[in-house]
Participant: 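Quick one: the structure is below, and I'll ask about it shortly.
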Amino acid sequence: MKRIQIQTHPLDPIQEGMTFQKEAIDCGAIVSFTGIVRGNDNLIPLEYLYIEHFPEVTEKEIALIVHEAYTRWDFKNCTVIHRVGKIAVQEPIVWVAVASGHRTEAFKAAEFIMDYLKTDAPFWKKEIRVDGSSQWVKAKNTDQQKKQRWLYDGK
Amino acid sequence: MKRIQIQTHPLDPIQEGMTFQKEAIDCGAIVSFTGIVRGNDNLIPLEYLYIEHFPEVTEKEIALIVHEAYTRWDFKNCTVIHRVGKIAVQEPIVWVAVASGHRTEAFKAAEFIMDYLKTDAPFWKKEIRVDGSSQWVKAKNTDQQKKQRWLYDGK
Amino acid sequence: MITIRYFGFLKEALGISEEQIDAQCCKNTAELLDYLRNRNTQWADVLSDANIFKLVVNLNVIHDVTPISSGDEVGILPPVTGG
Amino acid sequence: MITIRYFGFLKEALGISEEQIDAQCCKNTAELLDYLRNRNTQWADVLSDANIFKLVVNLNVIHDVTPISSGDEVGILPPVTGG
């Protein structure tokens, strides 16, 4: 079972985890990832993030990533939830969970999905700082490198 | 903050996840792993697992594993909870969570800790099947291989 | 008419989020980009290759030059920064 | 006396979970294992190298042959299967 959701309302990893665990019948392993907005990456502290996406296209691109993970590792359930709009510091921004028979598949698939989501899914992040200044975040080379690792370290 | 706990009472990943998330201040990434008792790995379905450990020694060995992970990846919080005694099918048996600034550290450390826990921490699993038969589980070569991968793929 | 949608920082750098242009301008997505870049040096700079991650035609991400005609919608996506 | 504790399947295969033996038997952990293996072929089989993952002396995992004397506790651990 795959579930992909883009939402403007707060993301609750605890609630999502409860649902996910309940549905992971016959799975021996669940790996979940929670991405949280950090406030102090820059000199001027962040007030909140604003995230834009491309409705329909974003969902389709994430579905492709999940499908690609599925061709590489055997897993049963996968949920990807990404929040968009205004997101305050310390709030969850993304949640990915994978349930599989054994642990390695769940770890690899979850990390793969996150690495590809970072480089392939149409989301754009703008930082609004406490002094009122704001800036669109630049794509990171390190994210490209993390993604390219999977070309060689396929499994 | 590191927390290691061996317990006979049921393990609740949801409750633990809530506590862990609350304490992960200034962390951008949380990865959690839940290991669940599978019922149908063998011809005769499992009724429950019985897990024995070596009190004090088990905790010390897990602390060493967490410390080794910490020398390799920068993370802030880590919790390892392992249940012992009688554990029914579908119940969680182990829960590992790592919180760090960025995602890669949390993914790597959590997977590393699980791989080493499997091969180094003094736990012994006995399967009690629905027909009343029982057997101590044999150590798996694949677990040794997963551990050895970290010798080369250190980071 | 062809609808063009701009995303992320492109919107602000170009001062536009959506526009409609005459379909006569261009037979395919490569010609469309040339057309937009030829507006002035600012457009050429903002729409440089480094600033374009992908193009989307009618909600499908495209990987090659793709024919476009009246009624089509083209999304221009800068490098993504989600997660 | 030296206390010996057996874990996992060793307990059932040897029919014993804990015992005390005279400290005269052995100066170190290597001699202790020889002593136990010499009891009979069953003990020799069950306590083969493949069945012993680690030894623990006074709650510390040891990695080399370690001296033991009266009052010490030795744990014999078969390969582990947790997680």
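Below, chains carry the letters A, B, ... as their sequence lines are ordered, and counting in each starts from 1.
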Participant: Under 4.5 Å from any heavy atom of chain B, what part of A/A110 do you find: side chain, backbone, both or neither?
Facilitator: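 For A/A110, the contact with chain B is made by backbone and side chain together.
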Participant: Which of the residues B/D115, B/V37, B/T104 is involved in the greatest number of heavy-atom pairs with chain A at under 4.5 angstrom?
Facilitator: B/D115
Participant: Which atoms of A/I25 come close to chain B, meaning under 4.5 Å heavy atom to heavy atom: side chain ones, backbone ones, both, or neither?
Facilitator: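 For A/I25, backbone and side chain are both near chain B.
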Participant: Which one, B/M18, B/Q15, B/E111, leads in non-hydrogen pairs under 4.5 Å with chain A?
Facilitator: B/E111
Participant: Is it the side chain or the backbone of A/N40 that comes within 4.5 Å of chain B heavy atoms, both, or neither?
Facilitator: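 Side chain only.
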Participant: Students often mix this up, so state it plainly: with edges at 30° and 60°, are the rings of B/F20 and B/W95 parallel, tilted or perpendicular?
Facilitator: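 Plane angle over 60°, so perpendicular.
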Participant: For B/W73 and B/F112, run ring pair (Phe, Tyr, Trp, His ring centres under 6.0 Å): C-alpha distance rounded to whole Å, both residues' side-chain angles, the deciding distance at 0.1 Å, then the answer.
Facilitator: CA-CA 10 Å; B/W73 302 282; B/F112 177 94; 5.3 Å; yes
Participant: Can you check ring pair (Phe, Tyr, Trp, His ring centres under 6.0 Å) on B/F107 and A/F107, steps first, answer last?
Facilitator: CA-CA 7 Å; B/F107 270 116; A/F107 271 116; 7.4 Å; no
Participant: CD of A/E56: more than 12 outside heavy atoms within 6.0 angstrom?
Facilitator: no
Participant: Heavy-atom pairs under 4.5 Å with chain B - which of A/A99, A/P92, A/P13 has more of them than the others?
Facilitator: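 Answer, by heavy-atom pair count under 4.5 Å with chain B: A/P13.
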Participant: If I measure from the heavy atoms of chain B, does A/R38 come under 4.5 Å with its side chain, its backbone, both, or neither?
Facilitator: side chain
Participant: With B/Y50, which residues qualify under ring-ring contact (aromatic ring centres under 6.0 Å, His included), at least two apart?
Facilitator: none
Participant: Answer whether the closest heavy-atom distance between the side chains of A/K76 and A/S100 falls below 4.5 Å.
Facilitator: no
